[in-house]
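Here is the structure we will look at, set down as structure tokens.
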Amino acid sequence: MIYTTLPRNYSKPHSKEKEKVMDLGVLRDKLDGIDAQIVNLYEERMDVCKQVAEYKISTGKKVFDKVREQEKIAKVKSLTHDEFNARGVEELFEQIMSMSRKLQYQMIAQQSGQGKLPFIGLDELETKKARVVFQGAEGAYSQAAMLQYFGEEIQSFHVDTFRDAMSALDEGSADFAVLPIENSTAGIVSEIYDLLVEFENYIVGEQIIRIEHCLLGVPGAQKSDIKKVYSHPQSLMQSARFLADHPWQQISMQNNAFAARKVAEEQDKTQAAIASELAGQIYGLDVLQKGVNDSGTNSTRFIIVTNQKVFRKDAGKISICFEVPHQSGSLYHMLSHFIYNNLNMTKIESRPIEDRNWEYRFFVDFEGNLADGAVKNALRGLRDEARNMKILGNY
């Protein structure tokens, strides 16, 4: 026979503890029953919403009725018995009505064919012998991105500013523009985001290139000769560790290629530029040192922009922008359209809206194609519920 010795502090469960365990089980059973009723009522409500959608399809009535929803939320809140429950019911019904709208958007798109978007899908972009504009001078990183994307069989020209490049598209003197929109260390190029809103130009492609800054000097110059270094402010910042070891005066320029051109034109051994190796080749400068930027993985993403509402049929990324009311939960409700339609959002940025203090325009990148049903549903919901939603491109 085997005897088991129990710990000295062992005691049998009290009857009250047993009762508590049993009570918890009973309470959970009650919750399960209530939840089942909630699910049944939810499905019953959604069946009615389908009938509402059919009515709106037949009459052309808009899905989103903000005044009606506010009245509805106020009514259900008044049925509660304390402030905590009132706030909870408000949040619950906001979600229920949001799901109702999404169902209606889906039905409208399916039954009325209104899911079509004013963009034309193309098998290929017409890039051969295209007129392509980039910002800066010969030797700019934008030129390098252009050559990687388009190749040599194009007609290219450069302008001084990003606005000039967008204007060239707008007036028809260029078919495409190549513009930097984001650097892996310096972040976004905010001016490009603002110009995409201002101009009716659209993104149709992107090109990512590795950035390797070089210290460039006139032929025969040595690093010991240098007293001044010219470059774009971001390039100077990205080369801060290298420059910290040298007592050179740092002078900002509008563009790296402009800096290289200035050094080449003035032929002064005491001047150097931080720019690309391509710029050195174009302006006949010697590479005094390669890779002076701090990060070896520094890259810049360039967008390819045109003035036509077109996209490649195999495109997999969409960029949009929209404004939301300056109210609690506004952005959350907009982003719920991506969640409901199972769309993967890859980036979100915000920019202040001019002349409207503390209000922002949001820029979102997400995976998808404009021909996809889920994308159409999400965009329909965003267009109805956001302010000034704009599709910036599918690429």
Basic-acidic side-chain contact under 4.0 Å: R387, E359: yes

What is the minimum heavy-atom distance between S319 and D365, and which atoms define it? OG-OD1, 2.6 Å

Same cluster for V364 and L370 if Ile/Leu/Val/Met/Phe/Trp/Tyr side chains link at under 4.5 Å? yes

For residues A53 and M107, report the shortest heavy-atom separation together with the two atoms involved. CB-SD, 3.8 Å

Main-chain N/O of G172 paired with R131 side-chain donor or acceptor, under 3.5 Å: yes

Take a 6.0 Å sphere around CG of D32 and say whether it holds more than 12 heavy atoms from other residues, nucleotides or ligands. yes

Decide if atom CZ of F157 counts as having more than 12 heavy atoms of other residues, nucleotides or ligands within a radius under 6.0 Å. yes

So, H158 side chain and G136 main chain: donor-acceptor pair closer than 3.5 Å or not? yes

Validation row: R356, E323 side chains within 4.5 angstrom (heavy atoms): yes

Taking only Lys NZ, Arg NE, NH1 and NH2, and the carboxylate oxygens of Asp or Glu, determine whether E212 and K290 approach each other closer than 4.0 Å. no

I120, CD1 atom: more than 12 neighbouring heavy atoms under 6.0 Å: no

Any side-chain heavy atom of V218 within less than 4.5 Å of one from V263? yes

Consider only side-chain N and O atoms of E94 and S98, and report whether a donor and an acceptor are under 3.5 Å apart. no

Side-chain donor or acceptor of Q267 paired with backbone N/O of A264 under 3.5 Å: yes

Between G139 and I282, which heavy-atom pair has the shortest distance, and what is it? N-CD1, 3.3 Å

Side-chain heavy atoms of F258 within contact of H232, under 4.5 Å: no

Over all atoms of both residues, closest heavy-atom pair of V324 and S330: CB-CB, 3.8 Å

Just wondering, more than 12 heavy atoms not from R45 lying within 6.0 Å of its CZ? yes

Using the side-chain contact (heavy atoms from CB on, under 4.5 Å) definition, which of the options N256, V229, I211 pairs with S235? N256

Counting only heavy atoms not in F64, do more than 12 sit closer than 6.0 Å to its CZ atom? yes

Classify the ring geometry between H246 and W248 as parallel (under 30°), tilted (30 to 60°) or perpendicular (over 60°). parallel

What I want to find out is whether E367 reaches K317 closely enough, with some N-O distance under 4.0 Å, to be called a salt bridge. no

Check for me whether K390 meets the cation-pi criterion with Y202, that is, NZ or CZ under 6.0 Å from the six-membered ring centre and within 45 degrees of the ring axis. yes

In a check of side chain to side chain donor-acceptor pair (under 3.5 Å) between S295 and each of T297, N298, N293, which one passes? T297

So do the side chains of L125 and Y149 get within less than 4.5 Å of each other, counting heavy atoms only? yes

Tested for side-chain contact (heavy atoms from CB on, under 4.5 Å) against H213, the lone hit among V292, L236, D294 is V292

Membership question, hydrophobic clusters at under 4.5 Å side-chain separation (ILVMFWY): are L147 and V305 in the same one? no

Count I, L, V, M, F, W, Y as connected when their side-chain heavy atoms are under 4.5 Å apart, and connections chain through other members. Are M334 and F363 then in the same cluster? no

Is there a side-chain hydrogen bond (donor to acceptor under 3.5 Å, both in side chains) between E266 and Y230? Walk through the geometry before answering. CA-CA 12 Å; E266 297 186 4; Y230 298 88; 5.1 Å; no

Do T161 side-chain atoms and D164 backbone N/O form a donor-acceptor pair below 3.5 Å? yes

Do the charged groups of K66 and E69 touch, with an N to O distance under 4.0 Å? no

Grouping I, L, V, M, F, W and Y whenever their side-chain heavy atoms are under 4.5 Å apart, do F150 and V204 come out in a common cluster? yes

Ion pair present between R351 and E349, side-chain N to carboxylate O less than 4.0 angstrom? no

Would you kindly confirm whether L179 and I304 end up in one hydrophobic cluster when ILVMFWY residues are joined by side chain heavy atoms under 4.5 Å apart? no

Do you see a donor-acceptor pair shorter than 3.5 Å between the side chains of E171 and S173? yes

With side-chain contact (heavy atoms from CB on, under 4.5 Å) as the test, would you mind laying out the steps for L331 and F322 before giving the verdict? CA-CA 10 Å; L331 179 60; F322 56 84; 4.1 Å; yes

